[in-house]
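See structure below.
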2 protein chains.
Amino acid sequence: MNTTPPNLPSQPPVNGGSASASGTSPTFSPLYQQIKALITQSLQAGEWKPGELIPSEVDLATRFKVSQGTVRKAIDELAAENLVVRRQGKGTFVATHHEARAQFRFLRLMPDAGEPHSADNKILDVKRLRAPSEVARILDIKAGDSVVCIKRVQSFDGAATIVEEIWLPGSIFKGLTAERLSEYKGPMYGLFESEFGTRMIRASEKIRAVAADEATAQLLGTVTGTPLLSVERTSYTYGDKPVEVRRSLYLTDRHHYQNELS
Amino acid sequence: MNTTPPNLPSQPPVNGGSASASGTSPTFSPLYQQIKALITQSLQAGEWKPGELIPSEVDLATRFKVSQGTVRKAIDELAAENLVVRRQGKGTFVATHHEARAQFRFLRLMPDAGEPHSADNKILDVKRLRAPSEVARILDIKAGDSVVCIKRVQSFDGAATIVEEIWLPGSIFKGLTAERLSEYKGPMYGLFESEFGTRMIRASEKIRAVAADEATAQLLGTVTGTPLLSVERTSYTYGDKPVEVRRSLYLTDRHHYQNELS
DNA sequence: AAGTGGTCTAGACCACCCC
DNA sequence: GGGTGGTCTAGACCACTTC
């Protein structure tokens, strides 16, 4: 019945032919993973910008010379990793931080009662300086390279709740000033994405309980020694490249850090 | 070419025929979701016990009168939710807490340096009493119903690090005694699974920073007022039924709570 | 060799969205 | 009506495990 072998096109599309045709193929990976990698590269290269529509599954299948099902599986994984968003009937879109949906993906602090709120930001300081060795190590740059250091306080319902220091590689965030930060409405990651072409896609946090020092206590309107949640976050962009170190202190008398284990 | 319509068997298998055949079908859900629900019911009913092999995809496809691809998609989601584990060439197994793999899914406290360790547990107290109203509310039982309350301290490398109270519905954990808890080797959720037929599949945590009271400080070998991580966990079994309330205090001077945001 | 999950294809139909 | 993603099927072949 079937006269045309399904996996042997005259021009091998992605793999070097059938997987086991040449005996041991040391660097073999499934087709859909290769397609996924190719799409990720296009995302990273900015071929499609955040918020934009990417080509349809059929188009991509044609481009990569694979079946729609294979493209579908690749996009399924990208959607599971929040790199793209599927919308039935419309298409697949590049994920963006400019959505209500994505706001609380990286801010897990919730009010003990009531609905989540939008934060009121107060920028205390923006400095450019040479990277301290530990920050340099985490950002994977050389100690002494230029970094931007932002200090700010966030308030919810008028109550100061978060004080944090944010360290960014100076090479990427060149024109970042206190003015641009202050006047920007919306989440900081949205600014990074729109103005500096750097999209955070993943973060890792280490959480501890610490006592407030005097300066922090004053900023948060509390007393020295108050227990605070210390959150050390490292954020990554495409290719697991670290692009942010953030050291936050959360006042948790009326808020809590919400985490789902599954 | 195709004379047999693909979606119209003489005996409708699961749905009431094709989705749009009878006009508006108010309670429609995809086939694979229905299959997933059926498999979940079998898991819940104990048709296949934790660690056991479930029927192959072909068998399940035959049983439910659907294609293998539909069963596959159902199992894919169950695997993503950690209810089952796929193993190529062997089959699909019911997930169990008796695996090194699953140990650190619910314990996110990691040492600042060095490898994770096995904990040394010390049971302080096991009591049966009437549920306080707040515990009853969370466990979805009546205030005053019987509950088991466990108090224990966990040490890592000889250093007391976690002190916690665990509240369980008395109706489920009938024969639970301090002896059985103390003599049991391995994670507590493994005991719950094997001895009481209740498998935790999901948990939700609220994290805060608090100051150690005198009793807690003494148990942890520190001083009153030391900042501690307060973790309030609610655990759920099949059907989102709450079956555990756990109030833990973590000493985070040599450990941290690790969390991945993605 | 037989059985399992894993990949890939081709084609059908559906639900949703927009023109 | 035409395009998009979402579901479902049928069949092929592959990789891995076990006998």
Side-chain angles (χ1 to χ4, degrees), chain A residues 1-9 12-15 17-26 28-36 52-62 64-80 84-93, chain B residues 1-9 12-15 17-26 28-36 52-62 64-80 84-93:
Chain A
M1 297 294 182
N2 193 358
T3 54
T4 58
N7 215 356
L8 285 175
V14 183
N15 267 329
S18 181
S20 58
S22 56
T24 58
S25 54
F28 168 76
S29 82
L31 243 190
Y32 76 88
Q33 290 285 4
Q34 303 175 40
I35 304 299
K36 180 184 169 190
E52 286 181 7
L53 189 62
I54 78 171
S56 76
E57 296 177 353
V58 207
D59 288 352
L60 290 170
T62 306
F64 297 130
K65 302 231 172 57
V66 298
S67 78
Q68 184 183 356
T70 301
V71 171
R72 164 163 287 274
K73 183 148 187 180
I75 296 182
D76 277 347
E77 291 204 353
L78 293 174
V84 299
V85 176
R86 291 172 165 294
R87 293 203 218 176
Q88 184 173 107
K90 302 176 83 170
T92 301
F93 298 79
Chain B
M1 295 294 182
N2 193 357
T3 55
T4 58
N7 215 355
L8 284 174
V14 183
N15 268 328
S18 182
S20 60
S22 57
T24 57
S25 54
F28 168 75
S29 84
L31 243 191
Y32 76 89
Q33 289 285 5
Q34 303 175 39
I35 304 299
K36 181 184 167 190
E52 285 181 8
L53 188 64
I54 77 170
S56 76
E57 296 177 353
V58 206
D59 287 353
L60 290 170
T62 306
F64 296 129
K65 300 229 174 60
V66 298
S67 80
Q68 184 184 354
T70 300
V71 171
R72 164 163 286 275
K73 183 148 188 180
I75 295 182
D76 276 346
E77 292 205 351
L78 294 173
V84 298
V85 176
R86 290 171 165 295
R87 293 201 215 179
Q88 183 175 103
K90 302 175 82 169
T92 302
F93 297 79

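Side-chain atoms are counted along with the backbone in the values below, which use heavy atoms only and exclude waters and symmetry mates. Order of the sequence lines sets the chain letters (A, B, ...), proteins ahead of strands, with each chain counted from 1.
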Distance check needed: [N] [atom2] versus [X] [atom1], whole Å only.
X: Leu31(A); N: dA15(D); atom1: CG; atom2: P; answer: 13 Å
X: Leu60(A); N: dT9(C); atom1: CG; atom2: P; answer: 14 Å
X: Phe28(B); N: dT7(D); atom1: CZ; atom2: C1'; answer: 8 Å
X: Lys36(B); N: dC8(D); atom1: NZ; atom2: P; answer: 13 Å
X: Tyr32(B); N: dC14(C); atom1: OH; atom2: P; answer: 18 Å
X: Lys65(A); N: dC8(C); atom1: NZ; atom2: P; answer: 17 Å
X: Phe64(B); N: dT9(D); atom1: CZ; atom2: C1'; answer: 18 Å

What protein N or O atoms touch nucleotides 2-5 of chain D N or O atoms at under 3.5 angstrom, if any, and at what distances?
{"from": "dG3(D)", "atom 1": "N2", "to": "Gly89(A)", "atom 2": "O", "distance (Å)": "2.9"}
{"from": "dT4(D)", "atom 1": "O2", "to": "Gly89(A)", "atom 2": "N", "distance (Å)": "3.2"}
{"from": "dG5(D)", "atom 1": "OP1", "to": "Thr92(A)", "atom 2": "OG1", "distance (Å)": "3.4"}
{"from": "dG5(D)", "atom 1": "OP2", "to": "Glu57(A)", "atom 2": "N", "distance (Å)": "3.0"}

Problem set entry | Short N-O contact, Glu77(B) and Arg72(B), less than 4.0 angstrom |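 Salt bridge absent between Glu77(B) and Arg72(B).
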For this session: Among dA10(C), dT7(D), dT9(D), find the nucleotide with the atom closest to the side chain of Ser67(B).
Result: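 Shortest atom-to-atom distance from the side chain points to dT9(D).
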Problem set entry | Phe93(A) six-ring face occupied by Arg87(A) cation (under 6.0 Å, within 45°) | yes
For this session: State whether Thr70(B) places a side-chain N or O below 4.0 Å from either non-bridging phosphate oxygen (OP1 or OP2) of dT9(D).
Result: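 Affirmative; the distance criterion is met.
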Exercise. Mind checking what makes salt bridge (charged side-chain N to carboxylate O under 4.0 Å, His left out) contact with Lys73(A), not counting sequence neighbours?
Worked result: none
Seminar exercise, completed: salt bridge (charged side-chain N to carboxylate O under 4.0 Å, His left out) filter on Glu52(A), not counting sequence neighbours, yields none
Exercise. Picking from Leu31(B), Ile35(B), Thr70(B), Asp59(B), what satisfies side chain to side chain contact (heavy atoms under 4.5 Å, CB included) with Phe64(B)?
Worked result: Ile35(B)
